[in-house]
Amino acid sequence: MAKSERKRALRGRAGRMKGGRGSGRASSGSVRLWGRHAVEAALTNPLRNHRKLWATREGIETLDGDLPPDFPIEYAEPADLGRLVARDAPHQGLVLECAQLENVFLDEVIGDAPSGPLVVLDQVTDPHNVGAILRSAAAFGAAAIVTQDRHAPPESGVVAKSASGALETVPWVRVVNLARAMEDMAEAGYWRIGLTGAAEETLGNALPAGPIALVLGAEGDGMRSNVEGHCDALAKLPISSSIESLNVSNAAAIALYAVATRNS
């Protein structure tokens with residue numbers, strides 16, 4: 001079926017948003033995603049259990065690919081969609097309610113043949129930063145990001161929008177004890193490098209040839225002492241002295257680039 005024909009068929013099956021208002025809340029165990037990239041990535045993710053799509057007709061036109069023939073779609077005006085999501089969220093005419101992703105465990109991503117660097121986040125709580133780091137992780141082939149169960153944002157529309165689709169492709173491992181997880185990384189052959197402006201060595205000089213786990217702490221506080229103590233090396237980015245530090249998502253992107261190009 002051609003794209004235009006498929007969308008005409010979807011219009012015929014879609015309902016209308018009753019009363020033009022939504023609850024503004026997702027049901028238990030669900031997450032609401034918004035924005036074209038986040039919604040489209042979730043729709044094409046076979047690991048997602050999709051529940052309902054609210055959309056403007058213009059929003060539907062921006063989607064690529066096929067949807068299941070009986071996919072539940074409800075049309076609405078942009079202002080109505082705004083009531084379903086966070087205040088002033090840029091929904092771009094698309095709001096998807098779906099089940100949260102299944103848990104991913106560390107041993108599933110480190111395995112016997114590491115495929116890319118790990119990004120370990122120690123108490124990075126801003127969902128915009130975590131989303132941006134997911135996006136960089138996808139761009140530079142990271143194997144996963146690793147956070148604590150606590151002191152990390154939940155899966156959310158804000159994370160997904162900031163990740164621009166990467167929430168669906170980069171495994172997000174949540175662990176109870178970050179230091180213990182770093183011990184498991186070492187046993188699997190990862191060299192754990194903590195990024196801190198207090199280090200003497202630059203990241204480029206600290207990179208070995210094998211698998212890497214990049215460890216970044218929260219802005220301001222940085223890594224906790226126990227997490228820093230589980231690093232094999234500490235390194236800094238060679239930034240100008242006129243700037244005290246970088247945003248953690250910017251630092252992660254630069255560090256991932258350094259890992260990706262270390263042999264070039």
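This is a predicted model, so every value here is computed, not measured. Only this structure's heavy atoms are used, side chains among them; waters, hydrogens and symmetry mates stay out.
Annotation: side chain of Leu234 is not in contact with side chain of Glu201 (no heavy-atom distance under 4.5 Å). Proximity of Val120 to Met185: side-chain heavy atoms (C-beta onward) are separated by under 4.5 Å at one or more points. In this structure, the side chains of Thr147 and Val124 stay at 4.5 Å or more apart for every pair of heavy atoms. With contacts defined as side-chain heavy-atom distances shorter than 4.5 Å, the pair Asp126/Pro153 does not qualify. Within the 4.5 Å cutoff, no side-chain heavy atoms of Leu256 are placed close to those of Ile133. A heavy-atom distance below 4.5 Å is found between the side chains of Asn45 and Leu101. Inter-residue side-chain proximity for Trp54 and Arg83 is flagged as unmet; no heavy-atom pair is nearer than 4.5 Å. Proximity of Glu187 to Asp184: side-chain heavy atoms (C-beta onward) are separated by under 4.5 Å at one or more points.
The shortest heavy-atom contact between Ala253 and Phe140 is O-CE1, 3.8 Å. Across all non-hydrogen atoms, the minimal contact from Val173 to Leu106 is CG1-N, 3.7 Å. Across Ala76 and Leu81, no two heavy atoms sit closer than the pair CB-CD2, 3.8 Å. The heavy-atom pair separating Leu214 from Ala255 by the smallest distance is CD1-CB, 3.7 Å. Gly217 and Val248 get closest at one heavy-atom pair: O-CG2, 3.7 Å. Heavy atoms only, all atoms of each residue included: Ser156 and Val31 are closest at CA-CG2, 3.7 Å.
The distance from the NZ atom of Lys161 to the NE2 atom of His91 is 11.0 Å, given to the nearest 0.5 Å. The structure places CZ of Arg150 at 8.5 Å from CD of Gln123, a figure rounded to the nearest 0.5 Å. How far CG of Leu63 is from CG of Leu43: 6.5 Å, rounded to the nearest 0.5 Å. Summarising the geometry, atom CG belonging to Leu84 is positioned 11.5 Å from atom CG belonging to Leu96; distances are rounded to the nearest 0.5 Å. Here the CG-CZ distance, from Asn103 to Arg174, works out to 8.5 Å after rounding to the nearest 0.5 Å. From Leu167, atom CG reaches atom CZ of Arg135 across 13.5 Å, with rounding to the nearest 0.5 Å.
Residues Val146 and Phe105 do not share a hydrophobic cluster, defined by chaining ILVMFWY side chains whose heavy atoms lie under 4.5 Å apart.
Taking a 6.0 Å sphere around CZ of Arg36, one finds it holds more than 12 heavy atoms contributed by other residues, nucleotides or ligands.
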- Message: Please determine whether side chain to side chain contact (heavy atoms under 4.5 Å, CB included) holds for the pair Arg262 and Ile212, giving the CA-CA distance in whole Å, both sets of side-chain angles, and the decisive distance to 0.1 Å.
- Response: CA-CA 11 Å; Arg262 59 185 161 172; Ile212 297 294; 3.2 Å; yes

- Task: Could you walk me through whether Trp172 and Val130 pass the side chain to side chain contact (heavy atoms under 4.5 Å, CB included) test, one step at a time?
- Result: CA-CA 10 Å; Trp172 184 349; Val130 173; 3.9 Å; yes

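Just one residue in the list Glu97, Glu155, Glu102 forms a salt bridge (Lys or Arg N to Asp or Glu O under 4.0 Å) with Arg48, and that residue is Glu155. Considering Leu216, Asp122, Leu178 in turn, Asp122 is the only one that fulfils the side-chain contact (heavy atoms from CB on, under 4.5 Å) rule with Met223. With Tyr75 as reference, Ile60 is the one residue of Leu53, Thr56, Ile60 to meet the side-chain contact (heavy atoms from CB on, under 4.5 Å) rule.
Judged by distance alone, the side chain of Thr44 and the main-chain N or O of Ala41 form a donor-acceptor pair under 3.5 Å. A side-chain donor-acceptor contact under 3.5 Å links Glu40 to the backbone of Asp64.
In this pair, Phe71 and His50 present their aromatic rings tilted. The plane angle is within the 30 to 60° band.
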